[in-house]
Amino acid sequence: MDVYDEGSDPRQESGSPDGPVPDRPDGSARNAPDDPAPSGPGDREPASADREAPVAPIAPATPVAPIVSATPVAPIVSATPVAPIVSATPATPVTPVAPVAEPGAQVTVPPDAYAVPRTGIAALSFRYQIAAALALAVVAVAGCVHVAMVFLHVAPANTVTKQHGRAIDDWIYPEFEQNWKLFAPNPLQQNIAVQVRAEVRTDDGGHRTTGWYDLSALDGAAIDGNLLPSHTQQNELRRAWDFYLATHDNENRPAGMRGDLSQRYLRSIVGLRLEREHAAGRGEAVESVQVRSSTTNVQPPRWSNEKVSDKPMYRVLPWWPVPTDSGTGENA
């Protein structure tokens with residue numbers, strides 16, 4: 001007979017002839033009120049041998065030690081310093097944006113929110129603006145007057161030049177003299193040197209005459225090797241001599257009122273040059289000067305068959321007395 005048959009169940013219900021069912025291992029009764037009674041053969045608990053054994057807890061694994069390098073790793077450093085990134089295009093100024101207001105709300109924008117910064121004269125105060133405007137006006141008027149004077153000087157003779165010729169000449173000569181020799185059909189092919197000598201009164205009352213000073217050669221020596229030669233070294237003496245020739249005839253007689261002006265201008269220049277060269281010694285004074293020009297033809301190139309004279313031609317001017325206030329008086 002099978003042990004699971006109803007009639008042969010060794011565990012009897014409560015009140016069976018064999019006695020009560022033994023208690024559970026935890027001490028509680030089999031048919032305790034908390035346990036529901038089995039309702040049929042299929043509801044009986046399985047035998048103790050069929051129950052699953054309790055699962056043993058899994059022991060924690062051995063912790064893994066972190067891997068430590070024996071040799072410290074050096075940080076990677078770039079040999080070449082990294083240049084900062086600079087934008088080649090200047091940043092565009094950001095235009096202020098008006099705040100977005102809620103519907104129905106009134107927004108007040110400052111009056112200078114969109115103002116353009118002032119530059120130039122406008123950035124100055126009011127009184128400095130007036131001073132700058134006056135200075136610009138003076139420069140503009142002076143420029144217009146100078147252009148008008150130059151135009152009247154080079155223009156053909158007209159009513160204005162006949163009435164105001166003296167004022168025009170005083171404005172133009174000698175700094176702004178105009179000529180067209182550079183564009184002449186026959187450019188100059190001569191070397192002209194201006195020379196001067198002086199008659200000196202000595203300290204014992206006698207007189208002596210110096211040798212000829214080649215002023216053009218002195219100017220040329222001062223220009224050679226000079227990257228920025230002055231205007232006086234290049235043009236002063238040459239312009240003065242041209243001015244004299246244009247206002248005098250071949251007999252050295254002045255032609256018109258400008259003749260006396262050109263003579264005094266040339267005499268003043270040569271007097272200053274003699275003083276610079278110390279023509280008069282200590283206790284001596286220059287009483288008169290004499291100017292001459294030495295003209296020499298420019299020799300043609302070797303491949304040319306042209307023949308020209310190489311002898312200098314002189315034009316000697318009369319002796320001019322030197323005023324005592326000309327700066328060439330007695331030297332201490």
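The structure presented is a predicted model; accordingly, all values stated were derived computationally and were not measured. Reckoned from all heavy atoms, side chains included, excluding hydrogens, waters and symmetry mates.
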Leu274 CG to Leu215 CG distance, which is reported to the nearest 0.5 Å: 7.0 Å
Do the side chains of Val160 and Met149 join up, straight or via other hydrophobic residues, at under 4.5 Å, putting them in one cluster? yes
Could you measure the distance from the CD1 atom of Ile223 to the CD atom of Gln234? Nearest 0.5 Å is fine. 5.0 Å
Can you name the ring-ring contact (aromatic ring centres under 6.0 Å, His included) partners of Phe243, sequence neighbours left out? Tyr173
May I have the step-by-step check of side-chain contact (heavy atoms from CB on, under 4.5 Å) for Glu236 and Tyr265, ending in yes or no? CA-CA 10 Å; Glu236 183 183 47; Tyr265 181 58; 4.1 Å; yes
Flag side-chain contact, heavy atom, 4.5 Å: Val291 against Tyr244: no
Please evaluate residues Asn226 and Gln233 with respect to the criterion side-chain contact (heavy atoms from CB on, under 4.5 Å), reporting the C-alpha separation (whole Å), side-chain torsions for both, the decisive distance (0.1 Å), and the verdict. CA-CA 11 Å; Asn226 189 354; Gln233 293 172 343; 3.8 Å; yes
Asp249, CG: over 12 other non-hydrogen atoms inside 6.0 angstrom: yes
Kindly give the heavy-atom pair with the smallest separation between Leu152 and Ile168, and that separation in Å. CB-CD1, 3.7 Å
Please check if atom CZ in Arg208 has more than 12 non-hydrogen atoms from other residues, nucleotides or ligands closer than 6.0 Å. yes
Spatial distance of atom CZ (Arg258) from atom CZ (Arg166) [nearest 0.5 Å]: 10.5 Å
Side chains of Thr209 and Glu199 only: does a donor on one sit below 3.5 Å from an acceptor on the other? no
Using a 4.5 Å cut-off on heavy atoms from C-beta on, say whether the side chain of Thr247 contacts that of Pro254. no
Note, Ser294 side chain near Gln195 side chain (heavy atom, < 4.5 Å): yes
Name of the residue among Val196, Thr210, Val316 meeting side-chain contact (heavy atoms from CB on, under 4.5 Å) with Gln290: Val316
With clusters defined by side-chain heavy atoms of hydrophobic residues (ILVMFWY) lying less than 4.5 Å apart, directly or transitively, does Phe176 cluster with Val141? yes
Could you tell me the separation between the OG atom of Ser288 and the NE2 atom of His207, rounded to the nearest 0.5 Å? 8.0 Å
So CZ of Arg273 and OG of Ser268: to nearest 0.5 Å the spacing works out to 11.0 Å
Step-by-step side-chain contact (heavy atoms from CB on, under 4.5 Å) determination, Ile172 to Val150: CA-CA 7 Å; Ile172 295 297; Val150 173; 3.9 Å; yes
Please check if Met257 and Leu261 belong to a single hydrophobic cluster, counting links between Ile, Leu, Val, Met, Phe, Trp and Tyr side chain heavy atoms closer than 4.5 Å. no
Treating Ile, Leu, Val, Met, Phe, Trp and Tyr as nodes and any side-chain heavy-atom pair under 4.5 angstrom as an edge, say whether Ile269 and Leu245 lie in one connected cluster. yes
Side chain of Glu284, backbone of Gly281: donor and acceptor closer than 3.5 Å? yes
Do His146 and Trp171 get their side chains close enough for a donor-acceptor pair, meaning under 3.5 Å? yes
Distance-minimising heavy-atom pair for Ala198 and Val286: CB-CG1, 3.8 Å
Reported CD1-to-CE distance for the pair Ile192 and Met313, which is rounded to 0.5 angstrom: 9.0 Å
Quick one: does any side-chain atom of Thr161 pair with a main-chain N or O of Asn158 as donor and acceptor, under 3.5 Å? yes
Output all residues satisfying side chain to side chain donor-acceptor pair (under 3.5 Å) with Arg315, sequence neighbours left out; order by chain, then residue number. Asn252
Gln129 side chain vs Ala122 backbone, donor-acceptor pair below 3.5 Å: yes
If you group Ile, Leu, Val, Met, Phe, Trp and Tyr by side-chain heavy-atom gaps below 4.5 Å, do Val147 and Val145 land in one group? no
Flag if over 12 foreign heavy atoms under 6.0 Å of OH, Tyr314: yes
Take Arg238 and Val194 through the test side-chain contact (heavy atoms from CB on, under 4.5 Å) and record every step on the way to the result. CA-CA 8 Å; Arg238 178 178 59 84; Val194 179; over 6 Å; no
Answer whether the closest heavy-atom distance between the side chains of Leu237 and Asp219 falls below 4.5 Å. yes
Student check: side-chain heavy atoms of Arg197 and Val289 closer than 4.5 Å: no
Would Gln190 and Thr295 count as a side-chain hydrogen bond (donor to acceptor under 3.5 Å, both in side chains) here? Give the steps. CA-CA 6 Å; Gln190 298 173 329; Thr295 304; 5.2 Å; no
I want to check something: taking the side chain as every heavy atom from C-beta on, are Ser262 and His248 in contact at a cut-off of under 4.5 Å? yes
